[in-house]
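Below is one structure, written out as structure tokens; comments come after it.
All residue numbers in this chain count up from 1 along the given sequence.
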Amino acid sequence: MAAAKMDIDQSTIVDNAEERLVEFSAEVDGEDYDFGVQYSVLKALSGDDPEDEAVQMFNMFSDEIADAGLVALARDSDPSLIVISENDLE
């Protein structure tokens, strides 16, 4: 059964510009996971390159990112960092 809800820990959101990811921790079904959302996902959602506004874009699209995160988690829950890609967008 797929997880129903992701609770993003807002205090963990950080822009990793070197890796072109916004990283964050979230709780899903009582378990904590570390995620990274690719800049390409932010661009796909917003239509703009994140550049220096990746965290702001993340916050604007956090619901969509949470949904994509659940897809990514269902795909692979083992890695230390679950990467959310454009393929995880519905």
Side-chain angles (χ1 to χ4, degrees):
M1 185 164 108
K5 186 168 188 268
M6 173 187 290
D7 291 317
I8 296 172
D9 182 348
Q10 296 293 318
S11 69
T12 65
I13 299 169
V14 64
D15 183 8
N16 182 343
E18 186 174 304
E19 297 292 325
R20 297 189 53 79
L21 293 171
V22 174
E23 298 177 3
F24 63 98
S25 297
E27 183 179 309
V28 179
D29 292 339
E31 297 287 329
D32 292 326
Y33 297 94
D34 293 322
F35 291 88
V37 60
Q38 296 176 336
Y39 277 21
S40 61
V41 172
L42 299 174
K43 184 173 183 175
L45 291 169
S46 70
D48 294 319
D49 197 340
E51 296 180 17
D52 296 329
E53 299 180 355
V55 171
Q56 292 86 342
M57 284 184 176
F58 177 94
N59 288 325
M60 287 175 38
F61 295 101
S62 61
D63 289 341
E64 292 88 343
I65 291 167
D67 290 343
L70 293 174
V71 172
L73 179 61
R75 175 177 36 81
D76 193 358
S77 63
D78 287 337
S80 60
L81 181 68
I82 299 165
V83 177
I84 301 167
S85 70
E86 287 181 76
N87 294 334
D88 299 314
L89 294 173
E90 294 183 349

[atom1] of [X] to [atom2] of [Y]: how many Å apart, nearest 0.5 Å?
X	Y	atom1	atom2	value
Leu70	Ile65	CG	CD1	12.5 Å
Gln38	Lys43	CD	NZ	13.5 Å
Gln10	Phe58	CD	CZ	6.5 Å
Leu45	Glu64	CG	CD	6.0 Å

Contacts table for residues 46-56: side-chain donor-acceptor under 3.5 angstrom, sequence neighbours left out:
residue: Ser46; atom: OG; partner: Leu42; partner atom: O; Å: 2.9
residue: Ser46; atom: OG; partner: Asp48; partner atom: N; Å: 3.0
residue: Ser46; atom: OG; partner: Asp48; partner atom: O; Å: 3.1

Could you tell me if the side chain of [Y] sits less than 4.5 Å from the side chain of [X], heavy atoms only?
X	Y	answer
Ile82	Asp76	no
Asp15	Tyr39	yes
Asp34	Thr12	no

Item to check | Sequence neighbours excluded - salt bridge (charged side-chain N to carboxylate O under 4.0 Å, His left out) pairs with any residue from residues 79-90 | outcome: Arg75-Asp88
Item to check | Heavy-atom closest pair, residues Val41 and Ile84 | outcome: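 Shortest heavy-atom contact: CG2-O, 3.5 Å.
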Next on the checklist: Suppose we screen for side chain to side chain contact (heavy atoms under 4.5 Å, CB included). Which residues come up paired with Ala66, at least two apart in sequence or across chains?
Outcome noted: Met6, Ile8
Next on the checklist: Holding to side chain to side chain contact (heavy atoms under 4.5 Å, CB included), I want the full list of residues that pass it with Asp32, two or more places apart in sequence or in another chain.
Outcome noted: Glu27
Next on the checklist: According to ring pair (Phe, Tyr, Trp, His ring centres under 6.0 Å), who are the partners of Phe35, at least two apart in sequence or on a separate chain?
Outcome noted: Phe24
Checklist entry - Can you list the other members of the hydrophobic cluster that holds Val83, where links are side-chain heavy atoms under 4.5 angstrom apart? => result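 Traced through the cluster, Val83 reaches Leu21, Leu81.
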Next on the checklist: Would you say Val71 ends up clustered with Leu73 if hydrophobic residues are merged whenever their side chains have heavy atoms under 4.5 Å apart, either directly or through other cluster members?
Outcome noted: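 Different clusters: Leu73 never reaches Val71 through Ile, Leu, Val, Met, Phe, Trp or Tyr contacts under 4.5 Å.
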